[in-house]
Structures are given as C-alpha cells and as structure tokens.
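Presented below is the structure to which this report refers.
Convention: sequence-line order gives letters A, B, ...; per-chain numbering from 1.
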There are 4 protein chains.
Amino acid sequence: MPKVGMEEIRKEQVITAAKNCIVSKGLSNLSMKDIAAQAGVSTGIIYHYFESKEVLLMQVLKSSFRQSHEKVMETVEPLNPPEEKLMKHLENINLVPKDNPEYMTVFLNYMGEAIHNPNIRAMVNKLFKNLTDYTGNYLQHVTTDEQQLKNLPMMIIGFGIGLGTMWTLNNELYDIEEMDELLKDVITSYLAIKNGGDNE
Amino acid sequence: MPKVGMEEIRKEQVITAAKNCIVSKGLSNLSMKDIAAQAGVSTGIIYHYFESKEVLLMQVLKSSFRQSHEKVMETVEPLNPPEEKLMKHLENINLVPKDNPEYMTVFLNYMGEAIHNPNIRAMVNKLFKNLTDYTGNYLQHVTTDEQQLKNLPMMIIGFGIGLGTMWTLNNELYDIEEMDELLKDVITSYLAIKNGGDNE
Amino acid sequence: MPKVGMEEIRKEQVITAAKNCIVSKGLSNLSMKDIAAQAGVSTGIIYHYFESKEVLLMQVLKSSFRQSHEKVMETVEPLNPPEEKLMKHLENINLVPKDNPEYMTVFLNYMGEAIHNPNIRAMVNKLFKNLTDYTGNYLQHVTTDEQQLKNLPMMIIGFGIGLGTMWTLNNELYDIEEMDELLKDVITSYLAIKNGGDNE
Amino acid sequence: MPKVGMEEIRKEQVITAAKNCIVSKGLSNLSMKDIAAQAGVSTGIIYHYFESKEVLLMQVLKSSFRQSHEKVMETVEPLNPPEEKLMKHLENINLVPKDNPEYMTVFLNYMGEAIHNPNIRAMVNKLFKNLTDYTGNYLQHVTTDEQQLKNLPMMIIGFGIGLGTMWTLNNELYDIEEMDELLKDVITSYLAIKNGGDNE
DNA sequence: CATGAATGAGCGTTCATTCAT
DNA sequence: TATGAATGAACGCTCATTCAT
C-alpha cells in the first residue's frame with residue numbers, strides 16, 4: 001500500500017482547490033468551507049494538513065510561483081544563442097497574463113496582503129528577486145555595461161508585472177503580440193545605442 | 001452659518017479615515033468600526049453619508065485617484081517645451097511610490113478586488129486609460145509614428161505600475177533616481193532610433 | 001393666527017402617516033424615519049408630539065378604532081325598527097374587511113403585540129367590549145332571553161373578527177354577500193327557535 | 001450509534017425554543033440570540049440547521065399548525081356517529097385557546113406578518129383551507145344542502161378564530177363551556193330549520 | 001417649533017477553528 | 001485519518017432616540 005506521499009497528494013489537492021476558489025471568487029471571499037467543498041474533503045481535515053488558513057494561503061502562493069517558474073524554465077533554457085534566450089524571455093513575460101491568467105489572478109489577489117503580511121511580502125520579494133536575477137542572466141550575455149545590468153532587469157520585470165496587471169483587468173487594452181514586438185524593439189534599441197556607443 | 005459644504009467635509013473626513021485604515025492595516029482588515037474610530041465618529045453616521053461599505057470603498061478609491069491625478073497636473077502642465085513635459089512625466093511616474101506611498105498602498109489593496117468587483121474594475125480601468133492618454137499626449141509632441149503612439153504609452157504606464165508595485169513591497173530594490181535616469185534613457189534611445197530612421 | 005388646534009392637526013398628520021406605513025409595509029417594518037417621510041416632517045418633531053414610538057403606535061390604534069366606530073354609528077343608528085338595526089349591524093360586520101381593509105390590516109398587525117403589551121391589550125379588549133355591547137343593544141330589542149344576551153353578542157363579534165381575518169388574508173375565500181345572508185339566516189333561525197319555543 | 005434523525009431532533013429543539021420565545025416575549029422581540037440561549041446552543045449552529053431566521057420562523061409556524069392538527073385528529077376521528085363527530089369538532093374549536101393557548105399565541109403573532117409576507121400568508125391560508133375542509137366533511141354527514149356546505153364551514157372556523165382571539169386576549173370575556181353550548185345550539189337550530197324545511 | 005446629524009446598542013449573519021465521534 | 005456539528009467573536013448594518021442649531 002503506497003501510503004508514502006499520500007499526505008503530499010492530499011495537500012496538493014487542497015492547495016489546488018484553494019487556488020481555484022481564489023481564481024473564481026477572489027481571496028476576500030475565500031472560506032475554508034468553500035475550499036473543503038471544492039477539494040471534496042471536510043473542513044476538519046484541512047486543519048490536519050495546514051496549521052491555519054494563513055499557512056494554507058502561503059502554500060497556495062508558493063505553489064503558484066513554483067508552477068510559473070517551471071513554465072519559464074521549460075521554454076527559455078533549452079534555447080541556445082544568448083540573444084534568442086533574452087528574446088524568448090521577453091516574449092514569455094508578455095505572454096504570462098494570456099497563457100497563465102490564473103497565475104496573474106492569484107498574484108493580484110495577494111498584492112494587498114503582501115503589504116501588511118511579512119510572510120507574503122517576503123515570498124513576493126523573493127519572486128521579484130528570482131525574476132530579475134534570471135533576466136539579469138540573460139542580459140549578461142548581450143551587454144557588459146555594469147550599470148545597465150543593475151537596473152535594466154528590474155525595469156523589464158516591472159514592465160511585465162505592470163502590463164500583466166493592466167491586461168488582466170482589461171484584456172482589450174492592447175494586443176499582446178504588438179506589445180511583445182514593441183518591448184523587444186525598445187530593449188534592442190537601447191542596447192544597440194549603448195553598446196554601439198561603447199564600440200565607437 | 002456655513003452649512004453648505006458641511007456634508008462634503010464630513011464625507012471627506014470619513015474617506016480619509018478609511019484610507020488611513022487601509023494604509024495602516026489593509027483592506028482585508030478594514031472594519032466599519034475601525035473607520036468610525038479613526039474618524040472619531042459613530043458607526044451609524046457613516047451610513048448617513050454612504051449607502052454601504054462598498055460605496056464608501058469606491059469613494060476611497062476615487063479620491064485616491066483624483067488626488068494622484070491632481071499632483072501630476074500640478075507639476076507637469078506648467079512646463080513648456082514638450083520634451084521637458086515628457087521627461088517630467090517620466091520622472092513623476094518613477095517618483096509616485098516614494099512621494100505618495102499611500103497612493104500605491106491603496107492601489108495595491110484594491111487590485112485583488114478589481115478582478116471580481118465590476119465597479120472597482122471599471123474605476124481602475126478608467127485610471128489606466130487616463131494615465132495612458134496623458135502619456136500619449138506628451139509623446140505626441142516628440143514623435144509622429146502612429147504605431148509608437150498606440151502602444152508606447154501603455155508600456156510606459158505598465159512600467160510605472162509594475163516598478164511602483166515592486167518598490168512599494170521592497171524600497172531597497174533599486175534607487176529611484178537611477179531608475180528614473182534609465183527610463184528616460186531607454187525611451188529617448190528608442191525615440192531617437194525610430195525618428196532618426198524615419199528621417200533618413 | 002389660528003394657532004389653537006394646530007398641534008392636533010399635526011398629530012393627526014403623523015398618526016395618519018404611521019397608519020399608511022403600517023398598511024403598506026407592516027408594523028414590523030415600521031421605522032420612525034419612514035413615518036416622518038410619509039408625513040412630510042422631520043423625525044425630531046415626532047418626538048415633540050409623541051413621547052415615544054410606542055405612544056404613537058397606541059394613538060394609531062386608538063384612531064383606527066375610533067374611525068371604525070364612527071362609521072358603524074353613521075350607518076346603523078339612523079335606522080328605526082330594531083330588527084332592521086340588528087340586520088344592518090350584521091351586514092356591517094361582514095362588510096368591514098371589504099369596505100375598510102385598512103382597518104383590518106391595522107388590527108391584525110397589532111394582534112401579536114396585544115398579547116405582550118398591556119396597553120395595546122387593554123385597548124383591544126375595550127374595543128371588544130364596545131363591539132359586543134353594541135351588538136347586545138341591538139339584540140336586546142329582538143329577544144328577552146338573558147342567557148342569549150350574554151354570549152350571543154360575543155359569538156357574533158367573534159364571527160366578525162375571525163371571518164374578517166380570513167377574508168383579509170384571502171379575499172377569494174368566500175363571497176361576502178353570501179356570507180352576510182348566511183349569518184343573518186343563522187342568527188334569525190336561532191332566535192326564531194328560541195323565541196318560538198318560549199312562546200309555545 | 002443512532003446518528004439517523006439526530007438532525008431532526010436538533011431542528012425540533014431549536015423550533016421549540018423559538019416557539020417558547022415567541023410565546024413568552026412575542027415575535028417582534030424575538031432575536032436569534034434569545035432562541036439560541038433558550039435552546040442551549042450557540043447562535044452559529046442555528047444557521048447550520050436553518051438557512052435564515054425567516055426559514056426558521058416558517059418552520060415554527062408549520063410545526064405549530066401540525067401539532068394542532070394532530071390534536072384534532074386524535075380526539076375527533078375515533079368517534080363514530082357523524083353528529084357526534086361534528087359536535088366534538090365544535091367543542092374542540094371552542095377549547096383551542098384554553099387547551100392550547102400557546103398555539104393561539106403563535107397564531108396571533110404571525111397574523112400581522114401574514115399580510116406582507118407571502119410565505120406566511122400562504123401557510124396561514126393553507127391552514128384555513130384545512131380547517132374548513134375538515135369542518136365541511138363533518139357537516140356533509142348531517143346535511144345535504146350544497147349552499148350550506150359551501151359557507152357554513154367557513155363561518156364556523158371564522159367563529160373559532162375570532163372567539164379564540166378574543167379569549168386569548170381576555171380569558172374572562174366568556175365561559176368556554178357556555179360558549180360551546182351556544183355554538184352547538186346555534187348550529188343545530190340552523191340545521192334543524194333548514195333540513196326540517198326541506199323535508200316538508 | 002422644527003430640523004436632521006449623530007449616537008450606540010443591538011440585530012441577523014458569517015466563518016476560522018475545535019473536537020467528539 | 002477523517003468528519004461535520006458546534007462555537008463565539010466579529011462583521012455590516014439599522015433605527016429609536018437625542019440635541020445642537
């Protein structure tokens with residue numbers, strides 16, 4: 001009898017149920033009863049797996065971030081030339097709200113909480129760091145200007161978060177493919193001028 | 001006897017109290033009792049001025065947006081050369097989270113609600129439209145490329161919202177003055193290449 | 001300036017407004033604000049004329065009973081032969097819910113309160129006594145049997161109250177004219193047998 | 001482990017508690033807190049068994065009506081000659097306010113609500129129909145006149161409701177045994193004359 | 001006299017959490 | 001493990017009553 005791992009499976013079940021509830025009804029309308037019903041378990045058992053609602057909510061966020069991260073890795077890393085990696089990365093950033101709207105929804109639902117809840121805040125900041133680090137890595141291979149490497153990744157991620165927010169709240173605001181092209185264009189122009197200027 | 005406007009003053013009092021509560025404790029921990037205590041009034045009187053908690057919350061958002069808008073107008077509009085206006089505008093966008101952290105806090109607290117609450121969503125979308133329209137206006141005088149005018153404003157605002165979010169959650173993430181310079185640089189580079197390319 | 005009586009007029013205005021509110025929305029949904037709005041006055045002034053909501057409610061009941069009483073007097077008393085008076089009285093009893101549905105509505109709304117509120121209870125009991133006394137008076141001229149005079153009036157009034165209640169809650173339950181005929185028939189039959197039996 | 005029916009027992013407990021509260025303090029002074037205290041449970045659990053206060057209140061009325069109905073069935077149905085059944089029925093009608101004062105109290109408390117609450121109104125009307133139907137059944141065996149069968153039952157029930165109301169508000173108004181005799185006398189006289197007249 | 005802003009206790013209801021089974 | 005009945009504090013909201021104007 002494969003009892004080992006059963007607990008993890010159950011936990012994942014509850015986390016997924018909670019995520020679905022957040023996506024469909026919002027974090028502020030999330031009740032343990034709803035989660036239990038969605039997961040097909042009793043409310044009591046949730047407390048066997050998670051200390052409290054807050055702990056469960058942390059795990060939901062963690063799981064969301066992990067899934068998103070894995071997705072990025074799968075599509076960007078296999079590519080070879082550094083420029084291609086960067087471009088694919090920029091494309092990914094633009095596509096998040098369309099390809100993974102649930103991710104953006106969860107993210108936005110936690111934003112307000114992040115300000116006052118140190119645990120959530122720390123987790124979100126860790127995500128920001130991860131994202132900028134990866135972007136920095138990809139940039140590292142197409143430029144050598146230290147100053148650029150410092151702030152440009154943050155700017156790119158900021159752009160992704162901001163436009164993702166806007167598109168999630170109104171997906172007729174802009175055409176994602178067009179925006180993708182613009183972003184690539186803007187970044188490329190900037191790098192060209194900077195690197196070109198250096199070369200001359 | 002200056003009775004006229006008394007109601008508006010009282011309403012503003014309550015709205016300000018609610019805003020303070022949101023900033024200090026978060027939207028999800030906001031109770032009418034807290035607001036009343038913060039405003040120094042009874043819970044009952046709030047319902048004399050506002051139909052419901054939801055209506056009050058809408059007014060809080062509206063008020064936040066209006067104040068932010070006024071601030072921008074004051075600093076950008078008096079300037080004269082279009083390039084200066086655009087640069088001041090970009091600077092303002094970068095400075096929002098530092099100069100007006102309460103504004104960003106309120107904004108972030110409403111993001112999660114905006115997804116499922118149509119009224120809040122509509123108001124946030126209206127804000128996005130306003131912001132991009134203004135940015136478009138300033139860009140209009142430094143470029144003539146229609147395609148750029150379409151998506152570049154959105155990109156700039158997206159950048160402002162995203163970086164504002166990141167900085168609000170971790171104000172050691174980057175130096176605002178440096179980021180300001182980078183943004184101006186990136187936008188200027190892009191416009192230079194595009195306009196330069198057109199001229200040739 | 002005819003100030004005298006002004007107070008009474010105002011009071012009547014408020015009482016009428018309260019009655020209208022009870023009829024249209026029910027006693028349990030009656031608020032002082034509603035009454036004030038309906039009467040076209042402020043809530044404050046109501047407390048100038050009536051000590052409390054309860055006192056006002058008493059006056060509403062009193063007024064209702066008085067109006068109903070006056071109506072009966074107008075139609076029954078002018079008639080001359082005693083039998084005619086009794087028959088007209090029985091007819092009136094049957095017609096109350098149709099001719100004066102507002103009276104029945106007010107009455108029914110106060111029934112529950114009468115049980116626990118001694119003042120209302122006393123007033124309702126006084127009404128019952130009035131009604132049975134009048135019925136007794138009319139009967140007095142068509143029979144001499146003391147025992148009949150004791151309980152028959154109560155029975156007749158009980159019938160009026162009960163059927164009035166039923167008809168008010170479902171005015172398709174029976175035809176009022178038919179019921180009128182039946183009541184007259186039943187009472188006449190009973191008196192005929194009793195008086196006839198006595199005579200023989 | 002007798003788990004089955006436990007829910008029904010609990011529900012009945014709460015309904016009984018609510019009924020007791022209505023009897024002792026009145027429907028208009030009935031709070032969920034009172035009911036919970038009277039039932040010896042928490043306020044929260046009531047909402048586990050009943051959707052809302054209104055639903056609970058409906059069940060209270062239903063339960064009251066059912067109990068009253070059962071009582072009538074027990075005493076009337078076993079009797080054999082039809083005349084005896086009718087007389088016992090008339091007796092029962094007279095005895096309700098004395099034997100079952102709580103039933104009358106509950107009934108009177110709901111009267112005002114019945115006018116504006118469609119659900120209560122429907123339930124009360126159903127009770128009226130039941131009562132008149134039963135009365136009609138008993139009459140059916142002692143008379144053949146169709147017209148009598150149509151309205152006489154309603155008249156008898158109206159009488160019961162009206163006098164029950166009066167007696168509940170003042171139980172010194174009349175002697176129930178005397179009134180019982182009078183009612184039987186009146187009905188018997190009427191039927192005698194009608195049937196006698198038919199026979200001639 | 002008259003207003004209506006202001007109070008605050010109390011309402012019906014919800015829900016995170018516990019615990020007997 | 002697993003259930004869901006049970007708790008009770010806290011919520012949004014109402015409204016009889018008061019009082020400064």
Open item on the list: Students often get this wrong, so: under 4.0 angstrom with heavy atoms, is B/Thr43 touching a base, only sugar-phosphate, or nothing?
Closed with: base

Task: Between E/dC19 (P) and A/His48 (NE2): distance, integer Å - done: 16 Å

Open item on the list: Rounding to an integer number of Å, can you tell me how far D/Met32 CE sits from F/dG12 P?
Closed with: 20 Å

Task: Watson-Crick/G-U partner (both atom distances under 3.5 Å) of E/dT14 - done: F/dA9

Task: Any D/Lys53 side-chain N or O less than 4.0 Å from OP1/OP2 of E/dG12 - done: yes

TODO: Calculate the interatomic distance between D/Phe50 atom CZ and E/dT14 atom C1'; express it in whole Å.
DONE: 18 Å

Task: Separation of E/dT13 C1' from A/Lys33 NZ (nearest whole Å) - done: 12 Å

- [ ] For F/dA2, take OP1 and OP2 only and decide whether either is under 4.0 Å from a side-chain N or O of A/Tyr49.
- [x] yes

- [ ] Hunt down the Watson-Crick or G-U wobble partner of F/dA20, both distances under 3.5 Å, from any strand shown, or write none.
- [x] E/dT3

Open item on the list: Quick check on E/dG4: is either OP1 or OP2 less than 4.0 Å from any side-chain nitrogen or oxygen of C/Ser42?
Closed with: no

Task: Interatomic distance, D/Glu51 CD vs E/dT14 P [rounded to whole Å] - done: 9 Å

Task: Results of side chain to side chain donor-acceptor pair (under 3.5 Å) for C/Ser52 - residues two or more places apart only - done: none

TODO: Give the rounded distance in Å between these two atoms: CD of A/Glu54 and P of E/dC15.
DONE: 18 Å

Open item on the list: Let me spell it out: for each of D/Gly40 and C/Gly44, pick the nucleotide of DNA chain F with the closest heavy atom. Which residue's pick is nearer the 5' end?
Closed with: D/Gly40

Open item on the list: For a quick test of reading the model: is some side-chain N or O of A/Arg10 closer than 4.0 Å to OP1 or OP2 of F/dT1?
Closed with: no

Task: Separation of F/dC11 P from B/Leu27 CG (nearest whole Å) - done: 14 Å

TODO: Give B/Leu30 one of three labels, base, sugar-phosphate or nothing, depending on what nucleic acid heavy atoms sit under 4.0 Å from its own.
DONE: sugar-phosphate

Open item on the list: Applying a 4.0 Å non-hydrogen cut-off, can you work out what A/Ile46 is touching in the nucleic acid: base, sugar-phosphate, or nothing?
Closed with: nothing

- [ ] Considering just the side-chain nitrogens and oxygens of B/Tyr47, establish if one lies under 4.0 Å of OP1 or OP2 belonging to F/dT14.
- [x] no

Task: Residue matched to F/dC15 through Watson-Crick or wobble contacts both under 3.5 angstrom - done: E/dG8

Open item on the list: Between P on F/dG4 and CD1 on A/Ile35, what's the gap in Å once rounded to a whole number?
Closed with: 17 Å

TODO: Anything under 30° is parallel, anything over 60° is perpendicular, the rest tilted; go ahead and classify D/Tyr103 against D/Phe65.
DONE: perpendicular

- [ ] Please figure out whether B/Val41 or D/Ser52 has its closest DNA chain E nucleotide nearer the 5' end.
- [x] B/Val41

- [ ] List the steps and the verdict of side chain to side chain contact (heavy atoms under 4.5 Å, CB included) for C/Lys19 and C/Glu102.
- [x] CA-CA 8 Å; C/Lys19 209 183 296 181; C/Glu102 299 179 6; 5.6 Å; no

Open item on the list: Can a side-chain donor-acceptor contact be found between C/Glu54 and C/Asn117 if the only test is distance below 3.5 angstrom?
Closed with: yes

Task: Residue B/Glu70 excluded, over 12 heavy atoms near CD under 6.0 Å - done: yes

- [ ] Give me the one residue out of A/Ile35, A/Ile45, A/Val60 that meets side-chain contact (heavy atoms from CB on, under 4.5 Å) with A/Val14.
- [x] A/Ile35

